[in-house]
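Reviewing the structure listed below.
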Amino acid sequence: MDISYIKRTFTDCIGQFIKGKDSDDRLEKHNNVESTEITVDLQLVLEDSDLVLTDYDVCKRMFHIRSYSSQMKHLPNDEISMEDNLNLLHPEDRSGYIEVVEELLSGRLEKTSGIFRFRDLDGTYHHYECRSIVKKTGKKTGAQVCTITTVMKDISEKLAGKKMMEESIQKMHYAIQATGTVFFELDVRTGMLKSYNEPLNDYDDSVQLSLDYYTALTHPNDRDKVKTILARLTASSERQVTMDIRQKVALDSDWHYCTVTFVPFSFDRDGNVEKFVGFRRDNSSQVKYRKTLEEYKTKMELAIRGSEIMIWDYDSQSDMYIRNTGINPEQSPLEEHCNRLAKYQPETIKPIYQLLKERRNESFEVEVKEMNERTGLMEYYTIMGIPFTVDENNKCLKYTGYRFNTTKWRNLNESLENSNLLLNMVIDNLPCVLYIKDVDDEFRYTITNKYMQELCHKSAAEMIGKNDTEIFGQACGEHFLVSDKETVRRKTYTYSETVSFNGKQYVLHNSKFVINTVSGETLLIGVALDITFLDDTLKELQLEKQRAQEGDKLKSAFLANMSHEIRTPLNAIVGFSNLLQQTTDPEEQEEYIGIINQNNDLLLRLISDILDLSKIESGTIDFRKERFDLSVLFEETYASLKLRCTSPDVEFLERNPYSSCMVVLDKDRLVQIYTNFVTNAIKYTNRGHILMGYEYVDEGVRIYVEDTGAGIAKDKQQRVFERFEKLDRFVQGTGLGLAICKAIVEANDGKIGVDSEEGNGATFWTWFPCHAEIYENEKIMKENNPIEMTQSVLTSELPRSILVAEDNDSNYLLVKAILRKCELTRACNGAEAVALAAQNHYDAILMDIKMPVMDGLEATRRIREVDQGIPIIAVTANAFDSDRAKALEAGCSAFISKPLKKTDLEEVLRM
């Protein structure tokens with residue numbers, strides 16, 4: 001039998017095979033030989049094509065494997081059931097496979113094809129292309145499917161290869177898109193280009209572009225280049241050409257810098273190129289970056305040349321240090337360069353030199369100084385270096401870095417530091433509060449000066465970075481926040497307020513304003529001047545103004561009162577003096593003289609009160625405390641004041657509780673107080689009694705005067721101690737006595753007061769703190785000499801010759817009238833007195849203190865230089881204790897005040 005399957009295709013064999021199956025039984029025997037031949041040919045084809053032929057017997061529900069592929073030939077038998085066949089299928093393909101079988105069995109399909117995955121012996125799934133056809137039995141009408149014949153071919157490797165190719169093509173497309181590369185094919189015969197990833201065809205591969213259109217988009221200066229290169233490639237054997245041209249690769253007006261590569265791809269029988277393939281890459285961004293970089297490099301070089309920066313390199317292999325100072329770099333061996341720098345700072349340069357020589361992979365930055373040979377001045381630099389090239393052993397081959405001249409910055413920084421130091425000193429020494437707050441940071445303090453810190457008793461650390469609420473509490477914080485917000489609203493705000501820090505109140509005059517810094521910050525600057533002292537001073541000035549106004553009123557009242565008080569005794573003195581000249585009756589003369597003397601004493605007491613008031617006003621009231629027996633002083637004062645109480649209806653009494661009471665007080669002031677109290681009591685007491693007394697109580701002496709006079713209403717009791725205050729303006733007096741008593745008492749830390757009811761008399765009292773030695777059974781007597789002397793020898797007769805230094809004629813005539821029995825010599829000034837005392841001998845000198853040419857004190861000093869024994873009596877109208885002390889210190893023997901009385905003058909001259 002001639003078996004030749006080469007001439008028969010796989011389809012022919014299958015067709016004949018199926019046709020044989022479909023032939024009538026009567027033809028089965030007739031065609032038996034031919035069928036056998038076809039079966040043999042089919043078997044050979046199946047084995048050669050690595051195919052599998054299966055018949056599915058519908059009745060038996062069994063698959064019969066007619067031929068095996070190389071993968072499936074090891075099955076245990078050649079028949080499997082439908083269930084086993086489904087188990088061999090991939091789970092995802094089973095439902096689809098069952099649908100196909102059902103379609104074939106139903107007769108709706110007579111043949112079909114599909115790809116299904118079957119599991120092979122190695123457990124892996126392979127893809128099989130399955131082609132199925134049905135065989136029916138019976139007549140054409142109502143025929144039933146009895147067999148399904150399927151040819152299966154393993155296409156797994158084919159699919160895998162196709163997938164790999166698709167992935168490769170896709171990767172190539174991705175690569176072309178990612179790199180911005182355009183791939184094209186140029187058909188030389190048609191002049192058409194097929195491009196991929198081409199913006200000119202809107203990235204549509206199916207749209208071809210003509211070579212003329214493509215060339216037209218090339219820059220005019222580059223078109224001839226493109227034509228020349230393409231002609232050369234077409235006619236020569238060159239395999240590849242690359243050129244740079246400018247093209248419009250997109251629908252814009254800019255030219256793009258592109259690199260185009262042409263490669264011949266296919267040739268005709270004559271060896272001419274039929275097709276080119278190539279790539280076009282848009283380098284515009286790179287060209288732009290390169291130009292920008294070159295421009296930046298040029299600018300950097302210009303900037304470096306114009307600045308104080310110098311770039312340097314060090315090649316460790318050649319050991320050369322290169323200074324890139326301009327077009328011609330300077331180079332020198334590293335050791336030479338380092339030695340020049342080490343001249344001024346060896347401890348800094350030596351570690352850097354070792355680092356470079358050892359080629360360590362380390363960066364460094366140091367501060368150095370070097371003498372400028374041109375200017376002769378020391379300059380300072382910052383040198384920084386980094387490894388630039390490193391070998392495989394981590395050894396540096398090349399270093400690079402910069403050297404920056406910091407001299408100007410150093411000087412500027414020092415100036416800035418000095419300015420800041422000066423500014424801080426000024427701020428801290430300002431005699432006012434200064435602070436700065438950050439408005440955008442809840443008004444937190446950024447600066448507070450020393451004055452503010454001391455005022456608030458807070459340190460800078462306790463205030464910086466905090467707001468008023470965090471520093472001073474909620475109440476103060478809200479108070480200050482109101483004014484801060486008002487300042488922000490107004491931009492400037494000036495006001496005064498009273499604040500309290502640590503229990504002390506301050507009056508502050510605030511000036512606030514808002515500024516915006518260059519960096520965008522909003523700052524509130526506040527200056528507060530502590531005007532507490534000024535406010536207090538203003539209040540004091542207002543008070544003093546009120547006092548001055550009151551003083552003016554008192555002054556006017558005083559002058560009016562003094563005018564009355566002075567004119568009253570003067571009227572009597574002048575009037576009775578005139579009457580004294582006109583009468584010759586001795587009794588009338590004696591009466592007139594008595595009245596004149598009485599008013600003269602009244603006028604002297606008035607002047608004394610005025611002098612005491614002057615001392616009180618000026619704060620120069622004098623006190624001379626000494627130890628004396630109060631009991632003795634009390635008796636003497638009582639005896640003296642009793643003479644003033646001349647009314648027969650008033651009994652003058654005393655209460656001396658101690659036989660002796662030794663105290664240390666100013667006895668003259670005590671007598672003055674007693675005199676004032678008793679004088680007032682005499683004025684206001686018409687009948688009854690006046691009682692003088694004292695007692696030691698509460699570690700002090702209490703003196704008092706009690707009377708049964710008119711008494712004082714409660715609302716007027718404090719007024720009686722004020723100046724010029726008189727409860728009865730018709731009663732003679734200045735209204736100064738009790739005010740003087742009050743000043744004396746308060747100056748000695750004592751107390752003064754009055755106990756009285758209107759109509760029931762009054763008791764005036766004072767209390768002085770002091771220690772007392774009280775004796776009940778022994779009385780210690782002390783003489784109180786009213787005239788102070790330095791000599792203890794007394795004479796009973798008046799001096800015979802007396803030098804009178806007096807510039808006033810009336811006063812000299814008075815002395816001459818009193819001392820008519822003595823020989824008097826007059827000196828009209830101190831210089832004449834000194835000359836006369838040197839030329840003549842005098843028994844005594846009366847020295848007026850206030851004289852022209854030379855005053856009495858200086859004259860006394862000069863006389864005492866030559867004569868220490870002559871008595872010199874100071875005569876002056878100044879009655880202050882300080883005047884008495886100055887006279888005695890100058891060398892005077894005694895002191896007597898004007899107006900002169902005969903008895904007093906004679907008494908002092910007899911001492």
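Side chains are part of it too, since the values below use all heavy atoms of this structure and drop only hydrogens, waters and symmetry mates.
- When the shell of 6.0 Å around OH of Y289 is examined, it contains 12 or fewer heavy atoms from other residues, nucleotides or ligands.
- Atoms CD1 and CD1, from I436 and I447 in turn, are 3.5 Å apart once rounded to the nearest 0.5 Å.
- For E757, the CD atom sits in a loose shell: 12 or fewer heavy atoms of surrounding residues, nucleotides or ligands are nearer than 6.0 Å.
- H509 and S496 share a side-chain donor-acceptor pair at under 3.5 Å.
- Looking at T763, its side chain never comes within 3.5 Å of a backbone N or O of Y704 through a donor-acceptor pair.
- The main-chain N or O of T494 is never found under 3.5 Å from a side-chain atom of N510 such that the two would form a donor-acceptor pair.
- To the nearest 0.5 angstrom, L523 atom CG is 8.0 Å from N516 atom CG.
- Using a 4.0 Å cut-off between charged nitrogen and carboxylate oxygen, E370 and R340 count as a salt-bridge pair.
- Summarising the local packing, CE of M371 is surrounded by more than 12 heavy atoms from other residues, nucleotides or ligands at distances under 6.0 Å.
- Nearest heavy-atom pair across V701 and C770 is CG2-SG, 3.4 Å.
- F677 and F764 have tilted rings, their planes meeting at an angle from 30° to 60° on a 0 to 90° scale.
- Of the possible donor and acceptor atoms, none in the side chain of N372 sits under 3.5 Å from a partner among the backbone N and O of L377.
- Taking the six-membered ring wherever Trp is involved, the centroid distance between the rings of F480 and F443 does not fall below 6.0 Å.
- Remark: D668 engages R624 in a salt bridge, criterion side-chain N to carboxylate O under 4.0 Å.
- Of the residues T406, N405, T407, the one that meets the side-chain hydrogen bond (donor to acceptor under 3.5 Å, both in side chains) test with E379 is N405.
- Taking 4.5 Å as the limit, some side-chain heavy atom of L524 sits within range of a side-chain heavy atom of Y435.
- Put simply, the side chain of N748 never gets that close to the backbone of G750: no donor and acceptor are under 3.5 Å apart.
- A donor-acceptor contact shorter than 3.5 Å links the side chain of T532 to the backbone of V507.
- Counting only distance, with no hydrogens or angles, the side chain of E462 and the backbone of S459 share a donor-acceptor pair below 3.5 Å.
- A donor-acceptor contact closer than 3.5 angstrom links the side chains of N394 and N361.
- No side-chain donor from either of T292 and E295 sits under 3.5 Å from a side-chain acceptor of the other.
- With T522 contributing its side chain and V439 its backbone, the two residues share no donor-acceptor pair below 3.5 Å.
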Ring pair (Phe, Tyr, Trp, His ring centres under 6.0 Å) between F388 and Y399, intermediate numbers included: CA-CA 5 Å; F388 190 75; Y399 294 88; over 10 Å; no
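- Using modelled atom types, no side-chain atom of W767 and backbone atom of V745 make a donor-acceptor pair closer than 3.5 Å.
- For E699, the CD atom counts as loosely surrounded, since its 6.0 Å shell holds 12 or fewer non-hydrogen atoms of other residues, nucleotides or ligands.
- Residues G520 and D440 come closest through the heavy atom pair O-OD2, 4.3 Å.
- In this structure, the ring of Y493 has its center less than 6.0 angstrom from the ring center of Y495.
- The environment of CD in Q718 is sparse: at most 12 heavy-atom neighbours from other residues, nucleotides or ligands sit within 6.0 Å.
- A donor-acceptor pair under 3.5 Å links the side-chain atoms of N339 to the main chain of E335, judged by distance alone.
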Verdict with supporting geometry, C476 and D468, side chain to side chain contact (heavy atoms under 4.5 Å, CB included): CA-CA 7 Å; C476 286; D468 293 311; 6.0 Å; no
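- Looking at heavy atoms from C-beta onward, L508 lies out of side-chain contact with L529 at the 4.5 angstrom threshold.
- C456 approaches F472 most closely through the heavy-atom pair SG-CZ, 3.8 Å.
- Checking Q474 against E478 by side-chain atom types alone, a donor-acceptor pair falls below 3.5 Å.
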Test log, rule side chain to side chain contact (heavy atoms under 4.5 Å, CB included), inputs E365 and T382: CA-CA 7 Å; E365 182 174 346; T382 295; 3.6 Å; yes
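- Salt-bridge annotation for E470 and R444: present, with a side-chain N of the basic residue lying under 4.0 Å from a carboxylate O of the acidic one.
- Here the side chains of D313 and K398 are in contact, with some heavy-atom distance below 4.5 Å.
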Full working for side chain to side chain contact (heavy atoms under 4.5 Å, CB included) between E497 and H479: CA-CA 11 Å; E497 64 178 347; H479 172 74; 2.8 Å; yes
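- Between I744 atom CD1 and Q672 atom CD the span is 4.0 Å, to the nearest 0.5 Å.
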Verdict with supporting geometry, N449 and Q453, side chain to side chain donor-acceptor pair (under 3.5 Å): CA-CA 6 Å; N449 70 341; Q453 296 162 17; over 6 Å; no
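- Using a 4.5 Å heavy-atom threshold, the side chains of R323 and Q331 count as separate.
- Between P351 and T348 the shortest heavy-atom distance is CD-O, 3.4 Å.
- The shortest side-chain heavy-atom distance between Y344 and V368 does not fall under the 4.5 Å cut-off.
- A distance-only check finds no donor-acceptor pair linking the side chain of S332 to the backbone of E336 [under 3.5 Å].
- Ring pair Y321/W312: centre-to-centre distance below 6.0 Å.
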Working for side chain to side chain donor-acceptor pair (under 3.5 Å), residues Q505 and S500: CA-CA 4 Å; Q505 286 192 336; S500 178; 5.5 Å; no
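- Here the side chains of V754 and I712 are in contact, with some heavy-atom distance below 4.5 Å.
- No donor-acceptor contact under 3.5 angstrom links the side chains of E414 and N418, judged on distance only.
- Using a 4.0 Å cut-off between charged side-chain N and carboxylate O, K886 and E889 make no salt bridge.
- For the atom pair T876 OG1 and K850 NZ, the distance stands at 8.5 Å (nearest 0.5 Å).
- A heavy-atom distance below 4.5 Å is not found between the side chains of P387 and E362.
- Note that CG of L434 and OH of Y451 are 12.5 Å apart. Values are rounded to the nearest 0.5 Å.
- Atom CD of Q286 sits in a crowded spot, with more than 12 heavy atoms from other residues, nucleotides or ligands closer than 6.0 Å.
- For the pair Y506/F501, a side-chain contact is recorded, criterion being any heavy-atom separation below 4.5 Å from C-beta on.
- Between E486 and R490 there is a salt bridge, since at least one side-chain N of the basic residue sits less than 4.0 Å from a carboxylate O of the acidic one.
- Atom SG of C338 is separated from atom OH of Y353 by 7.0 Å, given to the nearest 0.5 angstrom.
- The existence of a salt bridge linking K437 and E442 is excluded, since no basic side-chain nitrogen approaches an acidic carboxylate oxygen closer than 4.0 Å.
- Counted by atom type alone, K751 and T766 present zero donor-acceptor pairs between their side chains at under 3.5 Å.
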Chi angles and distances behind the side chain to side chain contact (heavy atoms under 4.5 Å, CB included) call for L341, I383: CA-CA 11 Å; L341 295 178; I383 298 179; 4.1 Å; yes
